[in-house]
Amino acid sequence: MNCEKCKEQISAYLDNELDDISSANVQEHIAACADCAKVCEDLSMILDFCVEDVEIESEVPPNSKALWRRINNIIETDVKEMKPSPEVVDNRNWFAKLWRNSWQMSFSQVVASFVGIALISSLLTFVAIKNYSAEAEMDSNAATVSESVFQKVLGKIGLVETPAQARARRLAEQQKVIDYWNQRVELRRQNWNGQIRETFDRNLREINQVVYEYNSILEKNPQDNLTGEMLDAAMNEKMDLLRAFSEL
Amino acid sequence: MKLILTKYLCPPALKKATIFFLTVVFFFAQTAIEVAAQKKFSRSYPASKNVRLQLTNRTGTVTVEGWDKDEIQISAYLEAPAANINPQSLNGGIYINLVKDNMGRNDVGNVNFTIKVPYTSAVDIETRIGNLSVGNVRGTFVRANISAEGDITLTNIGASTVSAENLMGDIFFDGVVQANGHYRFMSTRGNINLRIPLNSSFKLVATAPSTRNISLGEFSNSKMNFLGDGRRVVGQTGDGSATLTVTNQRGSISFIRR
């Protein structure tokens, strides 16, 4: 007799419903098989428990089918109680998988992991250095800056700010400040005398011309770092001029 | 009869004399009006050797001269409508701010300052329009800033930090470059001339993007590099302990041996 056949007949065996031969076969198998013996023992305990229960609740009919249904219900209830909630199962599975998998990587997986970590570390280091030294680069003495393909890619995906993007951002900030001081100047200039008004207009025209020239150069050659730097200086001078005259 | 009278009363010589007399009278009257229109302001303050002078003018010239006295002497000519001047002596420094003192006034005339300070004073002057001049000063720093138009002339300067900035106008610096000093000259349109000793040690960044006219003169050496098609010169002389930054957007930069 194999285990499967034995487990099918255990309940009938415990209820003395098997014929002598079958009962002997089951008995023989249980004697030899520890697993089936354990199942038999468990069922026997449950059966004893249920019999006691039946004795207490005398109104329950001593029907074997009903009894087994009851046993099944009890088992199912117990199993349900033992079963954790789906999330817990998932989490436990996830952690268990991770724990098991972390120690079950092939050589190629280990190498791939190291390469991945190295790449990510390099990328993060590069981004950090790039951002840290962005202003220093603006002050560098190089006349032009040529972006590498890597930098361009990083710029496109928004990981680093390209010189052109940094310049555009800076210009927008400066223009806001200029607009503010311009409004202040417009309020004040009606009170100036002719000399101040003429001088201011002449100097503003000069600085506007400088800004225009630098913008034209940068349109043709956005990589011209020196012109970018000069444009920045000219915008600062324009801000200073407007601020200074807004106080008069 | 009429003809005789005319001839007698208005001979050509008398006519000339009359015209000359009227011209002289008109000239003196005009001068008198101008003098009467100007007010003079004078004040002196006792000062320590390393006193700080901070002056913010609106329009007009400012001349600061070092002298061998522990005293600051301020003289100013105020053109009509005369500006308010209210110098403050605070923490061993003299502070004059005509922008603040005349805030809200619609029209204020030029104020032309002549100020004497101890040789070792720190001088910080700025104006909106007008020439600035500082001479014979060797304190910790000299700063001269013109918001718009005017020349800056710094002569016989021995400060370790010097800054001169204008928008339209020339800048002239004549002085020594101290070890570990910082020197900054910036203009938008004008000429920048720097007269310094040949044995000066400094790191240089000189930029003249429009004219590309950067003349190093005797300071040219193998460590000086022209960048960006000659728009910028970067290099050093001696041990390069001082820093010298010169920017002229639309003008020239020249170095002259002192």
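Heavy atoms closer than 4.5 Å to chain A are found in the side chain of B/Met103, but not in its backbone. Proximity to chain B (any heavy atom under 4.5 Å) is shown, for A/Ile217, by neither the backbone nor the side chain. Residue A/Gln190 does not touch chain B at all, counting heavy-atom pairs closer than 4.5 Å. Only the side chain of B/Ser210 comes within contact range of chain A, with at least one heavy atom under 4.5 Å from a heavy atom of that chain. In this structure, the portions of B/Ser147 lying under 4.5 Å from any heavy atom of chain A include both its backbone and its side chain. Looking at A/Tyr214, the atoms closer than 4.5 Å to chain B (heavy atoms on both sides) all sit in the side chain, from C-beta outward.
Shown here is A/Asn2, whose CG atom has more than 12 heavy atoms of other residues, nucleotides or ligands within 6.0 Å. Other residues, nucleotides and ligands place no more than 12 heavy atoms under 6.0 Å from the OH atom of B/Tyr77.
Separation of atoms NZ (B/Lys100) and CD (A/Glu247) is listed at 11.5 Å; rounding is to 0.5 Å. To the nearest 0.5 Å, the span separating CG on B/Leu167 from CZ on A/Phe200 amounts to 10.5 Å. Atom-to-atom distance recorded for A/Leu231:CG and B/Gln249:CD is 9.0 Å, nearest 0.5 angstrom. Residue B/Met186 holds its CE atom at 5.0 Å from CD of A/Glu237, rounded to the nearest 0.5 Å. Taking CD1 from A/Ile196 and CD from B/Glu149, the interatomic distance works out to 12.5 Å, rounded to the nearest 0.5 Å.
The candidate from B/Thr188, B/Asp107, B/Asn106, B/Leu98 with the greatest count of non-hydrogen atom pairs under 4.5 Å with chain A is B/Asn106. Heavy-atom pairs under 4.5 Å with chain A were tallied for B/Met168, B/Glu165, B/Glu126; the largest tally goes to B/Met168. Interface summary for chain A: among B/Asn110, B/Asn145, B/Thr247, the most heavy-atom pairs under 4.5 angstrom belong to B/Asn110. Among the candidates A/Val210, A/Asp240, A/Leu248, the residue making the largest number of heavy-atom pairs closer than 4.5 Å to chain B is A/Leu248. Listed options B/Thr59, B/Val99, B/Asn102 were ranked by heavy-atom pairs under 4.5 angstrom with chain A; first place goes to B/Val99.
Side-chain polar atoms of A/Thr199 and B/Arg128 form no donor-acceptor pair below 3.5 angstrom.
Residues A/Asn193 and B/Val108 share a closest heavy-atom pair of ND2-O, 4.1 Å. Counting all heavy atoms, side chain and backbone alike, B/Pro209 lies closest to A/Leu226 at CB-CD2, 4.4 Å.
The interface of residues 180-188 of chain A with chain B, defined by heavy-atom distances below 4.5 Å, comprises A/Arg188.
Here A/Glu229 does not pair with B/Arg231 in a salt bridge; the nearest charged N to carboxylate O distance is not below 4.0 Å.
A/Met230 has its side chain within reach of B/Arg232: a pair of non-hydrogen atoms, C-beta onward, lies under 4.5 Å apart.
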